[in-house]
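These notes concern the structure reproduced below.
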Amino acid sequence: MSSTRRRFAGLAVATFALATAASAARAATELTVYTALEADQLKAYQQAFEKANPDVKIRWVRDSTGIVTAKLLAEKANPQADVVMGLAATSLMLLDEEGLLLPYAPKGLEKVKPTMRDPADPPKWVGMDVWSSAFCFNTVEAGKRGLKAPTSWADLVDPAYKGQITMPNPASSGTGFLMVSAWLQMMGEEKGWAYMDALHQNIAAYTHSGSKPCRQAGAGEYVIGLSFEYRANKTKKDGAPIEVILPKEGLGWDMEAIGIVKTTKKLEAAKKLADWAVSEEANRLYAQNFAIVALPGIASKLEHVKGDVEAMLIKNDFAWAAANRDRILAEWSKRYDGKSEPRS
Amino acid sequence: MVEALRRQERAAELSPAATGAVDAAPPHLRIRGLTKRFGKFTALDRIDLEVRRGEFVAFLGPSGCGKTTLLRAICGLDPPSEGTVEQDGCDVTALPVSARDFGIVFQSYALFPNLTIRANVGYGLAATGRPKAEIARRVDELLELVGLADQADKYPAQLSGGQQQRVALARALALRPGLLLLDEPLSALDARVRARLRGEIRDLQRRLGITTIMVTHDQEEALTMADRIVVMNRGRIEQVGTPDEVYARPATAFVADFIGKMNFLPGRLLAPDRVEVEGAELLFEPPLDFGPGALVTVCLRPEDVVVREVDRRPANRLTAEVGVMEFIGNHFQTTLHVPGTGLDISADLSINAVRDLGIRPGRTIPICLPPDRLRVFPEPPRPS
Amino acid sequence: MAAASRPLATPAPVAEPAVRRVRQALSRDDLLMRAGLGLLALWLALTVVLPLRALLEKAFEGPDGNFVGLANFETYLASPALSTSLTNSLLIASLSTVICVALAFGYAWALGRTCMPAKRLFEAIAAVPILAPSLLPAIALVYLFGNQGFARWALFGHSIYGPIGIVIGEVFWTFPHALIIVTTALSTADARLYEAAASLKASRARIFWTVTLPGARYGLVSASFVVFTLVITDFGVPKVIGGSFDVLAVDVYKQVVGQQNFRMGAVIGLVLLVPALLSFAVDRFARRRQSALLTSRAVPLEPKPDPLVDRIALLFCSLVAVAILVILGTAIFASFATFWPYDLRPSFKNYDFDNMDGGGWESYRNSLEMAGLTALFGTVIVFTGAWLVEKTRRFEAVRGIVQLTALLPLAIPGLVMGLGYIFFFVEPDNPFHFLYGSMAILVICTIAHFYSVAHLTAVTALKQLDPEFESVSASLKVPLWRTFLKVTVPVCLPAILAIALYFFVNAMTTVSAVVFLYSPRTQLASIAVLNMDDAGDIAPAAAMAVLIFATSATVRLLYGLATRRLLARTQAWRRR
């Protein structure tokens, strides 16, 4: 009979073990880091950081900008994240408004370009790199259809491109939002919306992620994908017959930034990550993906992106963008939601 | 093995059934007021019964009469709603099955299909934790007992139905239970195997002297195998008696009808020992103690109709016309009509008698319906 | 009269005291089994009932967690997006159902009622979609009919992104489900009816309309509802290929994942529960009627050769089979193409998951682990549970409750189940909150999601055993668990393996429930497909889908081999 009991007990223990095994904490401090960085970037950052700080392990929660932002706002009563890293500065400003971020001056902050940090002292967030909009233009498909390469935002509303352009949905994608924000700032609200109305006529689909338009252009699914320079560069490197085009009026852009969540119970580890994020080592890693990074003098050139990205960035009023984000997105959804890809 | 067998045989010799000391011994099983209800349906209605040590009792009745329910109530597989079951003087009514002392053979045998014959028979022994050698010895003994020593390593599906039945029997006997229960043990077999196994089971039971209860719907099985038969109908016991008694002296019209063939004749009582049937007046014994004029059913077995030396019989002599005769094999079946009355009696006539007396359809012959063979029941005949 | 007073009958008992009700004492077996059943009831309450309740509560809850009645539903009904999504969903589900059931009927009819060749092969091909995640056909369709698709001409200028793509994808992956049901329905035909009809000189067409179709009608109804529910609650296919064509299932996902609006998600989840519950009820009813059609004296129908009909059947099945293989083949081909559509040389570049969104190879390893654990624990829990339900003596109330709860997941779409799980486990007050984000919750949810079919399989296998095994065991004083391990389990091994396979394959391919529950550490392959597609990495998404298919197919093959060997080795007793 005892073996009967053993059997049942065994079953119970096994079930419980199954339940707890996965959730058992590891020896090192585990930081929960919310991020919108590209998956192919995360690995390098994580490896370098964990090598420098073997006692801290990063647990990424990754999704696109809009979703990470929504998640952080939804969890504001009971935040799950310790650090937010690689999220658009506009989003971090929103979080700051909700009082979610801890002021902290990482070691080496003084070297960071003054434009790339929260002006407050100590800052609530510090920029890491700049990412900006770019077109991915499929030359093979364009050739088949006899389409000329667009050189400006204005070119995009040419009816010749009807049904051949995709862009990210600004509600879910930071890349999408920075474009919309740039148009509204460059052209003013009224003209900006008029431009989008016209562009809407040519748009085949609004995608969920900022990468997808470029990927689709690369695969010839559509001729033009409005995306960002990192993805454009990489897609071309992967062998896609595309040309990376920087629209001549100026580039929409945003910063990827890092901030510590106020409620974190792992402050020491969180500070280590913040310190690392402004280090030269980290900036060199950023530079492999982005032309403009937080530390001066490290800027690199992306192989396939022709033109001076830094010079082409528009004057971007982040405070305005953050403050008007909700209003802009609501207006955008009202006007164009019909062509959105599922999920936003 | 022989040792153990002898032990069992000695026990058999000492058992009351073997020694004939039937009435002196206390009953092995005593059942009182056993009732089983399924919702509003009463499957067993206040059953009282005693079974003696070493006795072979058959529960006989049509399907749905409650015989299997009674068996399962006795061993606790489906405990009764009310009443008591005593085994060896102990009240076992509320004991769980595993705490009781019985072995059981089901209609399906319920042999474990993935275990060898040896493992099947030794199944209960293996769980007792006895030494392997001892278990093996006992299993060999049991297989020898049922004549399957050479089949030990086969699987049940490789045996014939009859062999499977014996494996089930050996398995049920493995733990030397005080009580053996057989639930329709032969009904899954074909007629010839059934006839042979009847004898074998009966012999085995006698040799081991184990108290046995068998459930069957087959009257022939009950009559040939049992020491006593419990005839059941609609959740009640109609009669308990030896095969002879049940056959010859059915206690109720139901028993009379259920066991053997029977003429059912509507009658009216004229006197305690005299009845009027379809215009004929017949004597019967023993006399009944209810009043003249009562409507009764008169029963007579076809083979009890006397046609030889009728003039030497004192009572109930009649003249009858022979109707159509059917040759059944070892006898003739015929209908006898008594002129001047409405009496039609079906009769079984031996081939001898037919030949000696020259009985042919259409002839008129003298017959006698022996008074001690007439069974009179105080109830109108049931449609049969 | 009771116990007639014949000499040998026992005398009536002397005035017994008031009638005593018998209460049989519980044996150790009884106690153990009841305890086991109690545990099972607790398990089912925790993994099925309470999450469902959490979902219900959430749908009627205001922003502050207070009860607001139907307010959330009113908000939802007021939004114009609903009517679009609802109409779209109904349209898609109806179209898919009609097409899928019609194809399945033709296929099943050809397999069961004609003498066409290569039936085994066609059966095998028809089972292919079950082994793939529903995202696979959707991705394959992009390659087939997308703007660069090699069969784009077949759409005559229509876009695959939208209803056309969704319907084709849904028909592909629901086809085996419908086929199984319709095949069963057709196999219950009574040959005597056909002989009678033929002897009345009815034409083949007339026989078809008056005998075949009515005979299978319950099967058709049942299949229709099952397909309808699968389609209306699936979000994998519309997510990938739906373009801007909104459907309810995707709305749930948008609300919950995209906007973190749990209450709206719960409301739409409940809306989805309606067709599922309806389908469940109809299916139960239809199955009962269907089985009643087959009397015990029915003669199984043996098809007779007919060159013309057999050839038509072969042609039809070939078309369907080719369609299935083309979709699967396209996904495989695309996954190996270096850079679709410009460089079709084969390479493993797309299998370099570690540099893609979606969790990399780890997600595949996670999926294997999840599927393995689900198969292991699911099989143990389900089979032991079914045995307890079937074999525990009396204890009717608990047995009834467990039996009912075990069937409940059949009526709950995975999406709804997953929602219930987050609502239930995300609460910090829940003592099981620690499971949130773990591998365990994925395993537990997947077991619960697929509990019913596994349970029914186990019950069917157990019902085929001699009901007296346990009686014999008790009479021989052998503890029941011993008989369970030594007899019940070995004899039911084929069914047990089938249950394990069912759990494994479903755990590999499922998206709907787990999409709400995975965490970065527990990324799954099927979800990686979704995320890679989202990021525009379609070829790697195809590669991962193909990998999932290959894994399921391999396990399915291993299962086939294992069963055969096991049957040969341990089940020698089956041979005569």
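Residue numbers start from 1 in every chain, and the chains themselves are labelled A, B, ... in the order their sequence lines are given, proteins ahead of strands. Note: hydrogens, waters and symmetry copies are ignored here, and every other heavy atom, side chains too, is used.
Counting all heavy atoms, side chain and backbone alike, B:Pro96 lies closest to C:Ala25 at CB-O, 3.7 Å. The two residues C:Gln24 and B:Pro79 have their closest heavy-atom pair at OE1-CG, 3.0 Å.
Only the side chain of B:Arg72 comes within contact range of chain C, with heavy atoms under 4.5 Å apart. Both the backbone and the side chain of C:Thr483 have a heavy atom closer than 4.5 Å to some heavy atom of chain B. Of the atoms belonging to B:Leu77, heavy atoms from both backbone and side chain fall under 4.5 Å from chain C. In this structure, chain C has no heavy atom under 4.5 Å from any part of B:Ala174. With a 4.5 angstrom heavy-atom cutoff, B:Ile47 does not touch chain C via any of its atoms. For chain B, the nearby part of C:Arg23 is the backbone; its heavy atoms alone come within less than 4.5 Å.
Chosen from B:Val255, B:Leu95, B:Leu181, the residue pairing most often with chain C at heavy-atom distances under 4.5 Å is B:Leu95. Your options are B:Leu111, B:Thr128, B:Leu125, B:Val105, and the one with the most heavy-atom pairs under 4.5 Å with chain C is B:Leu111.
Side-chain atoms of B:Glu82 never come within 3.5 Å of backbone atoms of C:Arg21 as a donor-acceptor pair (strictly under, hydrogens ignored). Here the side chain of B:Arg100 pairs no donor or acceptor atom with the backbone of C:Ala474 at under 3.5 angstrom.
No side-chain heavy atom of B:Phe112 sits less than 4.5 Å from a side-chain heavy atom of C:Lys486. At least one side-chain heavy atom of B:Arg171 sits less than 4.5 Å from a side-chain heavy atom of C:Val472. With a 4.5 Å cut-off on side-chain heavy atoms, B:Asp183 and C:Glu468 do not count as touching. Residues C:Val491 and B:Pro113 have side chains in contact (heavy-atom distance under 4.5 Å, counting atoms from C-beta outward).
From B:Tyr123, atom OH reaches atom CZ of C:Phe469 across 9.5 Å, with rounding to the nearest 0.5 Å. Of the inter-residue distances, the one linking C:Asp30 atom CG with B:Ser98 atom OG reads 7.5 Å to the nearest 0.5 angstrom. Here SG of C:Cys492 is found 9.5 Å from CG of B:Asn114. Values are rounded to the nearest 0.5 Å. Atoms CZ and CG, from C:Arg394 and B:Asp78 in turn, are 9.0 Å apart once rounded to the nearest 0.5 Å.
If you run side chain to side chain contact (heavy atoms under 4.5 Å, CB included) between C:Val22 and each of B:Thr93, B:Leu34, B:Thr84, B:Thr35, only B:Thr93 comes through.
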- Task: Go through the steps to decide whether B:Val97 and C:Arg393 satisfy the test side-chain contact (heavy atoms from CB on, under 4.5 Å), and finish with yes or no.
- Result: CA-CA 11 Å; B:Val97 177; C:Arg393 281 155 52 86; 4.2 Å; yes
